[in-house]
Amino acid sequence: MRREIAKVTAMAMDVFVDVAAEAHRSIQSGSELTGAPGQPVDTGNLRASWQLSFPTPTLASIDTNVEYAEAIEDGVGPHGPLTLRSAVGGFHSVSMAAANMQRVADEMAKRRAAG
Amino acid sequence: MIDSVAIQLAMRARALTLSVVTTGAIAMSATATGFARSAASFQTDGFWPGMELRSSGFANAANNGVGLVTKVTALAIDVTMLSVTNANGVRTVTRSATVSEAAGGARTLSVGLPSFQAWENIGIIPEAGVPWVEEQFNPGPNAQVTIGPNGDIEALPFYWLYVHLPNGTGLTVARYADALIRLFPPRLALPLSNGDVLRVRSDVGPSAKQLQNSQPGFAVKLVEIPLRIRTANSI
């Protein structure tokens with residue numbers, strides 16, 4: 001019984017890491033699971049700035065220190081609505097990733113269960 | 001089958017029914033600066049400077065149409081009327097004053113979705129001091145969620161409305177945002193022409209982001225509406 005509990009706990013941790021990684025990918029590069037477009041690319045600075053970390057074993061954090069990240073997320077800059085000029089990426093990646101995390105969790109669990 | 005055009009048009013049609021505030025059909029007069037009433041209160045109704053209103057029911061055509069609210073007291077509301085013409089691709093916005101008119105019944109002032117509307121891929125040039133709204137849409141991810149070859153396909157679209165109001169109008173733009181969120185409550189069902197039913201999600205409800213500066217002269221609030229739709233797979 002203890003062995004089974006340990007196995008399930010380990011699998012849950014694996015799924016947690018997979019979910020965090022997919023959330024990071026969703027925000028940074030886009031995801032077919034969440035529909036997030038990912039970050040638009042000019043120099044690549046914003047896309048590369050989104051970092052995934054694990055402050056505790058059960059907490060994942062996805063952060064950026066780029067000051068214009070919020071403008072890109074909302075599609076609103078200091079001079080008004082932004083026009084997307086990049087061939088990749090788009091706006092609202094964080095919102096879409098966050099809203100569709102259940103789909104990500106379901107899919108990551110399914111993949112782990114399938115081995 | 002998922003029809004993203006039908007989804008976006010359904011959301012747009014619903015947004016166009018927005019009612020932020022209305023007097024209902026009441027007795028009102030027109031003055032040289034706006035409109036006046038002898039009972040109840042424009043302030044209590046919820047009118048605020050910066051709003052764009054529609055007036056109707058007045059005998060003088062100059063008092064019916066779209067106007068900008070500049071001042072609100074209990075019994076009087078100052079309004080600058082707007083008329084917009086388009087000739088050979090050139091838009092002209094003319095501002096005019098209301099015309100004095102004796103009180104009469106069945107007259108209405110109402111505030112809805114701003115008349116300057118930048119739908120996707122149809123831009124507009126904002127007019128100084130005139131509220132405007134902008135739309136964005138993402139069809140979202142699709143996935144088969146029930147088993148079998150003809151199992152349901154579920155899409156999770158997102159719809160955004162940006163409400164831009166002139167600088168210096170305080171929280172008026174937040175009143176528009178709140179009204180939009182009430183217009184799209186969780187679980188709202190919007191039947192589409194193909195028989196599918198689009199719903200506002202309840203697991204992640206509609207929300208408004210913080211007030212931000214927009215282009216010079218405007219502040220903006222973004223309203224985010226997450227959606228869900230299921231349709232049978234077509235093979």
Side-chain angles (χ1 to χ4, degrees), chain A residues 18-19 22-40 64 66-111 113-114, chain B residues 2 4 118-121 123-126 128 132-145 147 154-164 167 173 186 200-229:
Chain A
D18 291 345
V19 169
E22 180 62 19
H24 180 231
R25 183 180 82 96
S26 182
I27 291 170
Q28 195 176 48
S29 309
S31 165
E32 66 284 359
L33 292 178
T34 65
Q39 303 301 307
T64 176
V66 169
E67 61 183 38
Y68 55 86
E70 186 173 4
I72 296 296
E73 171 62 20
D74 292 342
V76 179
H79 305 293
L82 298 179
T83 300
L84 197 58
R85 300 189 196 282
S86 167
V88 300
F91 307 132
H92 310 296
S93 289
V94 175
S95 286
M96 293 194 71
N100 295 329
M101 287 312 298
Q102 186 59 57
R103 189 173 270 193
V104 170
D106 292 346
E107 178 63 24
M108 295 301 118
K110 198 163 56 173
R111 290 181 190 176
Chain B
I2 299 289
S4 64
W119 302 123
E120 269 205 329
N121 205 26
I124 64 160
I125 298 173
W132 62 289
V133 66
E134 180 194 357
E135 170 198 66
Q136 281 188 19
F137 177 73
N138 186 314
N142 292 340
Q144 184 168 338
V145 293
I147 61 173
E154 180 182 79
L156 300 174
F158 258 81
Y159 188 80
W160 294 273
L161 284 167
Y162 295 72
V163 182
H164 301 257
N167 278 344
V173 66
V200 176
R201 287 171 66 174
S202 57
D203 56 331
V204 188
S207 61
K209 295 221 173 173
Q210 67 184 60
L211 187 61
Q212 302 182 55
N213 279 328
S214 178
Q215 64 217 70
F218 287 93
V220 62
K221 228 178 199 295
L222 161 59
V223 175
E224 187 169 270
I225 304 164
L227 304 163
R228 186 192 314 272
I229 186 167

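For the numbers below, each heavy atom of this structure counts, side chains included, while hydrogens, waters and symmetry mates do not. Note on naming: letters A, B, ... go to the chains in the order of the sequence lines (proteins, then strands), and numbering restarts at 1 for each one.
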Any non-hydrogen side-chain atom of A:Ser26 less than 4.5 Å from a side-chain atom of A:Leu33? no

Under 4.5 Å heavy-atom distance to chain A, tell me which part of B:Gln136 shows up: side chain, backbone, both or neither. side chain

Can you check whether A:Ser95's main-chain N or O pairs, donor with acceptor, with A:Glu73's side chain at less than 3.5 Å? yes

Report the residues that fulfil ring pair (Phe, Tyr, Trp, His ring centres under 6.0 Å) with A:His92, sequence neighbours left out, ordered by chain and then residue number. B:Trp160

Chain B-proximal positions within residues 99-107 of chain A [heavy-atom distance under 4.5 Å]: A:Ala99, A:Asn100, A:Arg103

Does a side-chain heavy-atom distance below 4.5 Å link A:Ser93 with A:Gln39? yes

Are B:Lys209 and A:Asp74 close enough, and set up right, to give a salt bridge (Lys or Arg N to Asp or Glu O under 4.0 Å), and what steps lead you there? CA-CA 9 Å; B:Lys209 295 221 173 173; A:Asp74 292 342; 2.9 Å; yes

side-chain hydrogen bond (donor to acceptor under 3.5 Å, both in side chains) test vs B:His164 passes for just one of B:Lys221, B:Glu134, B:Gln215, namely B:Glu134

